[in-house]
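Here the structure is laid out as structure tokens; the discussion comes afterwards.
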Amino acid sequence: MKTGRLSLIAACALFCGANAFAETDHSNHDSAPSHKMHESMNKMMEDMNSMKMKDDTDKDFAPMMKRHHQAGIEMAKEQVAHGKDPEMKKMAKKMIDDQTKESQKLETWLSKRK
């Protein structure tokens, strides 16, 4: 049952992300960074869906969240590199710092429990 719930959550996230990308106007010159962000989301969902669940919430959460943060970092780097709005760039830089630290904590936790 736990795996079904996680798959449902992942499917919903993928659906929402795909719909947001599909509704975006890709005709401007910034479509390459947006496309890279979409690819990052798709790769994250593929990776998370292929993870073997251990039926241990803690041990399932940590690697999934680590992969989720990695996708967030990849997307935030695209925003920093190609975004124009200073507030969004500032937010993206903070996300990179915060999610990098959280990913390191998750990795440390996982390495102690393998």
Closest heavy-atom pair and its distance - Met48, Met64 | CE-CE, 3.5 Å
Which distance, rounded to the nearest 0.5 Å, do you find between the CE of Met44 and the CG of Asn49?
-> 9.0 Å
Going from CG on Leu110 to CE on Met65, what distance comes out if it is rounded to the nearest 0.5 angstrom?
-> 12.0 Å
d(Lys77 NZ, Lys93 NZ) to nearest 0.5 Å is 13.5 Å
Which distance, rounded to the nearest 0.5 Å, do you find between the CD of Glu78 and the OG of Ser40?
-> 8.5 Å
Cluster check Met41, Met51: I/L/V/M/F/W/Y, side chain < 4.5 angstrom = yes
Side-chain contact test, heavy atoms from C-beta onward, threshold under 4.5 Å: evaluate it for Lys94 versus Lys90 and give yes or no.
-> no
So among His68, Arg67, His69, which one has a side chain to side chain contact (heavy atoms under 4.5 Å, CB included) with Ser103?
-> His69
Charged N to carboxylate O under 4.0 angstrom, Lys89 versus Asp85?
-> no
Before giving the answer on salt bridge (Lys or Arg N to Asp or Glu O under 4.0 Å), spell out for Asp47 and Lys43 the whole-Å C-alpha distance, their side-chain angles and the decisive distance to 0.1 Å.
-> CA-CA 6 Å; Asp47 291 349; Lys43 177 74 170 114; 2.7 Å; yes
Smallest heavy-atom separation, Ala92 atom then Gln79 atom, equals CB-CG, 3.6 Å
Side-chain heavy atoms of Asp58 within contact of Trp109, under 4.5 Å = yes
Test item: Asp60 side-chain N/O and Asp55 main-chain N/O as donor-acceptor pair under 3.5 Å | yes
Answer yes or no: is there a donor N or O on one side and an acceptor on the other, between the side chain of Thr108 and the main chain of Gln104, under 3.5 Å?
-> yes
Taking all non-hydrogen atoms of both residues into account, name the closest pair between Ile73 and Gln99 and its distance.
-> N-OE1, 3.7 Å
Mind listing the closest non-hydrogen atom pair of Met95 and Ala76 along with its distance?
-> CB-CB, 4.4 Å
In Lys66, Arg113, Lys112, Lys101, the residue satisfying salt bridge (Lys or Arg N to Asp or Glu O under 4.0 Å) with Glu107 is Lys66
